[in-house]
Each structure stands twice: as structure tokens, then as C-alpha cells.
Amino acid sequence: MATREKAAVIGLGYVGIPLASLLADRGYAVVGMDIDPQRVGDVNEGRVPLKGDEPDLQPLLAKVVRKGWLKASEDFGGCRQAKTVFVCVDTPVDEQMRPDNRRMIAAAKRIGENLSKGTMVVVESTVAPGTMLGTVAPIIEGTSGLRLGRDFKLAHCPERVMPGRLLHNLTNYDRVLGSLDDESARRAEAIYSKLTAGELHRTGLTTAEVVKTAENAYRDVQIAFANEVSSICEKLGVDAFEVRKLVNTSPFRDMHLPGAGVGGHCLPKDPWLLAFGGREAQPVLIPTARMINDGMPFHVAELTADALRRMKVRRASAVVAVLGASYTGDAGDIRNSPTASLISCLEGVKEIRVHDPFVDDLYGVNVLRRAPDALKGADVAVFMVAHKEYARLTPSTLKKHMRRLAVVDGRNLFSEKRMTKAGFVYRGVGKGLS
Ligand SMILES: NC(=O)c1ccc[n+]([C@@H]2O[C@H](COP(=O)([O-])OP(=O)(O)OC[C@H]3O[C@@H](n4cnc5c(N)ncnc54)[C@H](O)[C@@H]3O)[C@@H](O)[C@H]2O)c1
């Protein structure tokens, strides 16, 4: 039997675990490395430590661990035998919205200390333009004593996964391969053609950095546009969702959905990475879009206050049920959750009860698993996430549990007409008062 080519994956999170599992399944002997011993332990026991529903990932991880094709370790020694080292560490921004590269720098140092000649390092993490050649390469050169290009190769293949669709995206989406030189590109192509049915697009390292951050900044700007139109609609007494539908009947228009906020690990920070990398151009639109989207949970808090006023409920006696704690529907990822921002704006109410079917704890706030437990005795139900379970709720179910009838709809889950007809005070993002 042919021996398996060795690969190392640094950082076992939403990106690293599916990548390591898939590489192992497609013929590589993989060592996964993480600084978190809990992560390492979970992977070695074949257990996916990620929250939310990830189709097919649990059986795949269990299989490749059982077969001995994937092992996890806190020791970076496994890089020495690896022909390819993939970097999948988290790359947040700091409080000034500048790249916080501490994890990337730490990983690059340890890769350098354990690097053999001929290895290729592939960064899958999203980084600010200029990071590959300005930070990653010099650190690896510094700690390894090896020369970039001559002794080791470098590529940047930014990841396009999304929680809830990790394996699907990994195996189907096109990939952009930013490479140092022809050999790096050929080697990256040989690997990624085994992982995805999508097309592989060759380009340079810096272009790949711009492509990934621009992909997410583009989406963020589009959402901000939809949110701004939704605020206009609310003031004018029209429905932003009807406006959107009709706008999109015009050719070449693709207006996005407005909503209660933008969260997750990527969209709230990747635009800042692009703006930082391109700071000499003094970008205006990208930071403005970020501020509009960050403001949406505050707007939901205003709608909630308005609903309470309309029912003549004093803030200090209000019981608020917040439905949805994750940042996106039917997933358990709470990073940069708009609900966390909303809760900070609801200060002064008597009680806040948060529900989410996929989350237990939201940064210290207890999250209830059953919706009736949150709705029982509530004055207002605030919907922050479009979990499928919420779309199935009817006015009569809500009536059964709530003590007063008000709904704040952050995700266009309900019809205003139906709710008001059923006796509810209804306020919603993008829903003008008729
Ligand atoms: N989550 C997504 O859906 C997604 C999608 C596309 C791109 N990305 C990008 O991929 C990268 C990783 O994101 P993620 O969501 O998987 O993050 P994550 O937080 O889920 O996982 C990162 C892992 O890296 C580990 N780590 C941190 N520093 C380390 C170090 N020095 N050495 C070894 N391990 C270390 C952490 O302990 C953690 O387990 C980020 O740059 C992100 O922007 C994420």
C-alpha cells in the first residue's frame, strides 16, 4: 500500500477541523495542532467540538481518527515531516479595528522552529493585504533560518466555509490560490483539486489577500445598503422587504436582506482587515458600512422600547424574551453575536430571557433551550435570528405563553398584518408603521 503524504493543520476550529478531516479522508496522513488541549483531546477522541449542526462532519472525523489518518497534538514537531503545513488560526481585529495578528505570529514562529527544507506553508486564515509577505514569510524565515522560495514555499488559499455548511462549501466551492511562484501554485493545485469539485483560480499572494477580504467587505457593504434602505422605509411607512423584492425585478439589481445585525467571526472584521491593508487609500465606504451594520442591534433595542411604550409598559417592569443568540440561523456560533449587543442596550428592563436551540451560554448570559421557557410571562418577544423553529411559531402559540402581546421582528419572520390582526403590537426591522 502506498504511504500517505504527510500534512499538518495548525488551528483546529471551524476551518481547521473540516480541512484536516477532509485531507485525511482524501489520502493524507494528517497531524492537527492546537494550543487548546481541550480541542486536541476532542479531536483525538473523534468528537467535533464545534457548535451547531454540521452535516456529515461528525462521522467523517470519527472515521479518519479511527483509521489513524488524523491525529491531533499540542506539539508542533509534526511540522517536521509534513510536506505541507496549513495555517487555520483565528485572525481577529483589536479594539481599534486593526489586525490582531498575535495568533498568526505565534503560529508562524512555531512553524519556523519546526520547518524542514522543501515544505510548503499554506495560510487558509483570512489576513489583511500585505500580511503574507510582510509578516508571515519574514517570521518563518527568521525562526527557521530557511530562505523563502529557495528552501520553503508559500501559498494563501483563503477559506470560504460557513458554519452550518462547512463540508459542503469545502468540497464544492471554487478556491483562489495565491502563490509565491509556479511551484507553489502547482503544489497547491495538486492538493486542492483533491478537496473540491469547484474551480481553482491561480493568482498572486497579495491579490488573494485582497480577494478574500473584499469578498466579505462587499457583502457587508451590500447588507449595510439594505439596512439603510430599511431605515428609510420605516420612516416612510413602507415595507423594505416588498421594496427589495420589487427593486430586484430590475435587471442587474441584487438588493440584500436587511436585518437585526451582522455577526460571526468573518463579516464584522474582514472589512477592517481590507481597510487596514489599504489604509493609504483612506477607505470611507467600508468603515461606514461596518458602522451601519453594528448599529442594527441598537435599532432593535429602540423598536423594543417603542413596543413597550405602545403597550404602556414601564421599562423597569418589562420582561423581554430574546429569541436567537447565535449570529446566524440554525447554527450555534455566537462570535460577534448581534444579540450580545442588543442585551447591553436593554439595560434597565426587569428581566431578559434569551432562548436559542443551539446555544447554552452567551458570554455569561444563560441561554434557555426551550422557547416556551423564554416566552412564559414575557411582555415582548424580540426575534434576532431566523432559526427555522421560529418561523413555525404562530400568533396563538405566542399568545399561550406571553402575558402581553408584542413582537419585535428583526428577521422578517412574521407578517405585520397577521400579527396586528391577532392583537399584537408589531415592530420590525424594515417595517414601516402603516
Ligand atoms: N469560521 C468561518 O466560517 C470562516 C470562514 C472563512 C474563513 N475563516 C477564517 O479562518 C480562520 C480561522 O477561523 P475559525 O473560525 O476556524 O477560528 P476558530 O477560532 O474556530 O479556530 C481557531 C483555532 O486556532 C487555534 N489557535 C489559535 N492560535 C494558535 C496557535 N498559535 N497555534 C495553534 N493553534 C492556534 C485556536 O485554539 C482555535 O482552536 C480565520 O482567519 C477566519 O477569518 C473562517
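We count ligands from 1, going down the list as the structure has it; atoms in each ligand are counted the same way. In this text the structure is predicted, and so the values were computed from the model without any measurement. Positions are given from 1 along the sequence.
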Residues [X] and [Y] bridged, charged N to O under 4.0 Å:
{"X": "Asp151", "Y": "Arg147", "answer": "no"}
{"X": "Glu159", "Y": "Arg175", "answer": "yes"}
{"X": "Arg290", "Y": "Asp294", "answer": "yes"}

Have a look at ligand 1 and work out which part of [X], if any, has a heavy atom under 4.0 Å from it: side chain, backbone, both or neither.
{"X": "Glu215", "answer": "neither"}
{"X": "Arg110", "answer": "neither"}
{"X": "Pro158", "answer": "neither"}
{"X": "Arg103", "answer": "both"}
{"X": "Ser125", "answer": "both"}

After noting the C-alpha distance and the side-chain angles of Asp409 and Tyr426, does the key distance pass the side chain to side chain donor-acceptor pair (under 3.5 Å) rule?
-> CA-CA 8 Å; Asp409 188 354; Tyr426 178 86; 2.8 Å; yes

With a 3.5 Å cut-off and no angle check, do the side chains of Asn412 and Lys431 form a donor-acceptor pair?
->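 Short answer, yes.
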
For [atom], what's the nearest protein heavy atom and its distance?
{"atom": "atom 5 (C) of ligand 1", "answer": "Val161 O, 3.1 Å"}
{"atom": "atom 3 (O) of ligand 1", "answer": "Pro163 CD, 3.2 Å"}
{"atom": "atom 33 (C) of ligand 1", "answer": "Ile10 CG2, 3.5 Å"}

How many angstroms lie between atom NE2 of His265 and atom OH of Tyr14, to the nearest 0.5 angstrom?
-> 11.0 Å

Report yes if some heavy atom in the side chain of Ile286 is under 4.5 Å from a heavy atom in the side chain of Thr288; otherwise report no.
->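 They are not in side-chain contact.
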
State, with a plain yes or no, whether a side-chain heavy atom of Val122 is found less than 4.5 Å away from one of Leu154.
-> no

Looking at ligand 1, does any of its N/O atoms fall within less than 3.5 Å of an N/O of [X]?
{"X": "Tyr14", "result": "yes"}
{"X": "Glu159", "result": "no"}
{"X": "Thr91", "result": "yes"}

Is the Lys NZ or Arg CZ of Arg4 less than 6.0 Å from the centre of Tyr28's six-membered ring, within 45° of the axis?
->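 The answer is no, since Arg4 fails at least one limit relative to Tyr28.
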
Taking the six-membered ring of Phe276, is NZ or CZ of Arg279 closer than 6.0 Å to its centre and within 45° of its axis?
->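 That pair qualifies as a cation-pi contact.
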
Number the atoms of ligand 1 from 1 as they appear, then name those within less than 4.0 Å of a heavy atom of Ala106, with their elements.
->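 The list of qualifying atoms is 31 (N).
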
Considering only heavy atoms of Lys212, which atoms of ligand 1 have at least one such atom less than 4.0 Å away?
-> 6 (C)

From the options Asp34, Val123, Thr126, select the one whose nearest heavy atom is closest to atom 25 (C) of ligand 1.
->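 The residue whose heavy atom sits nearest atom 25 (C) of ligand 1 is Asp34.
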
Among Val15, Asp333, Leu50, Asp270, which one has a heavy atom closest to atom 8 (N) of ligand 1?
->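 Of the listed residues, Val15 has the closest heavy atom.
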
Can a non-hydrogen atom of Arg335 be found less than 4.0 Å from any atom of ligand 1?
->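 In this structure, Arg335 qualifies as a contact of ligand 1 - some heavy atom is under 4.0 Å.
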
